[in-house]
Amino acid sequence: QVQLVESGGGLVQAGGSLRLSCAASGRTFSTYNMGWFRQAPGKEREFVATIKSGGGTYYADSVKGRFTVSRDNAKNTVFLQMNSLKPEDTAVYYCAAGIRPIVTSRLSYNYWGQGTQVTVSS
């Protein structure tokens with residue numbers, strides 16, 4: 001069992017930055033692929049970024065070059081650094097843990113956090 005708690009969301013102006021954190025419980029954190037997803041009102045939850053257990057990273061095209069995902073296995077924490085934020089980045093951001101190989105799919109993640117709101121004003 002893995003419990004995930006996100007933090008770091010908030011209100012920011014367009015062009016600004018935020019850093020999201022996701023703290024995980026459990027002793028097997030390093031074995032999980034850690035993903036970030038987001039869900040805007042009226043839309044489906046969509047993939048944002050993933051860092052695999054081995055360190056490889058994947059990004060949605062919409063955030064590539066602006067967002068950076070990283071992890072600290074010693075602290076059981078994954079981060080999402082978000083720069084050059086746009087109003088269309090406004091959503092609830094969720095972190096997730098999983099072991100299946102298709103890291104861009106929600107179905108590959110077994111554990112989810114409660115989400116943190118990110119609002120980008122224009």
Side-chain angles (χ1 to χ4, degrees):
Q1 189 77 9
V2 177
Q3 293 184 325
L4 304 171
V5 179
E6 302 98 335
S7 61
L11 173 64
V12 64
Q13 288 188 332
S17 298
L18 282 175
R19 189 191 197 204
L20 305 184
S21 300
C22 175
S25 66
R27 292 175 291 179
T28 58
F29 173 79
S30 63
T31 66
Y32 285 93
N33 302 325
M34 298 301 298
W36 286 96
F37 288 74
R38 66 187 181 187
Q39 188 166 18
K43 295 187 176 181
E44 292 190 354
R45 193 170 300 189
E46 65 175 5
F47 169 75
V48 175
T50 287
I51 183 164
K52 297 187 72 174
S53 58
T57 57
Y58 300 82
Y59 297 92
D61 288 343
S62 59
V63 307
K64 204 170 292 183
R66 301 187 297 123
F67 290 12
T68 302
V69 60
S70 60
R71 67 192 297 163
D72 184 339
N73 288 336
K75 296 183 178 180
N76 281 14
T77 303
V78 61
F79 305 97
L80 185 67
Q81 178 67 44
M82 306 186 294
N83 299 329
S84 302
L85 283 161
K86 305 175 181 180
E88 51 263 43
D89 295 318
T90 296
V92 177
Y93 282 71
Y94 299 88
C95 73
I99 59 173
R100 297 189 182 97
I102 306 176
V103 295
T104 58
S105 170
R106 290 176 293 171
L107 300 178
S108 294
Y109 298 88
N110 304 91
Y111 305 103
W112 293 83
Q114 82 290 347
T116 185
Q117 176 70 47
V118 171
T119 303
V120 184
S121 63
S122 56

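- Between Thr116 and Gly9 the shortest heavy-atom distance is OG1-N, 3.2 Å.
- Using a 4.5 Å heavy-atom cutoff, the side chains of Thr90 and Gln117 are in contact.
- In this structure, Ser30 contributes its side chain and Asn73 its backbone to no donor-acceptor pair below 3.5 Å.
- For the pair Ser21/Lys75, no side-chain contact is recorded, criterion being any heavy-atom separation below 4.5 Å from C-beta on.
- Cluster partners of Met34, by chain and number: Val2, Leu4, Val12, Leu18, Leu20, Phe29, Tyr32, Trp36, Val48, Ile51, Tyr59, Val63, Phe67, Val69, Val78, Leu80, Met82, Leu85, Tyr93, Ile99, Tyr111, Val118, Val120. The rule joins Ile, Leu, Val, Met, Phe, Trp and Tyr whenever side-chain heavy atoms lie under 4.5 Å apart.
- Rounded to the nearest 0.5 angstrom, Arg71 CZ and Cys95 SG are separated by 11.0 Å.
- Ser105 places no side-chain N or O within donor-acceptor distance of the main-chain N or O of Ile102, the cut-off being under 3.5 Å.
- Note that OG1 of Thr68 and CZ of Arg19 are 10.5 Å apart. Values are rounded to the nearest 0.5 Å.
- As a member of the Ile/Leu/Val/Met/Phe/Trp/Tyr network built from side-chain separations under 4.5 Å, Trp112 groups with Phe37, Phe47, Tyr58, Val92, Tyr94, Val103, Tyr109.
- Across Ser17 and Ser84, no two heavy atoms sit closer than the pair OG-N, 4.3 Å.
- Ionic pairing of Asp89 and Lys86 is not present here: no N-O contact between side-chain nitrogen and carboxylate oxygen is shorter than 4.0 angstrom.
- Here the closest heavy-atom approach between residue Ala91 and residue Ala40 is recorded as CB-N, 3.8 Å.
- Looking only at side-chain heavy atoms (C-beta outward), Arg100 and Asn33 stay at 4.5 Å or farther from each other.
- Distance alone, capped at 3.5 Å, places no donor-acceptor pair between the Gln114 side chain and the Val5 backbone.
- Taking both residues in full, the closest heavy atoms of Gln39 and Lys43 are given as NE2-O, 3.1 Å, listed atom of the first, atom of the second, then distance.
- For the pair Glu6 (side chain) and Gly115 (backbone), a donor-acceptor distance under 3.5 Å is present.
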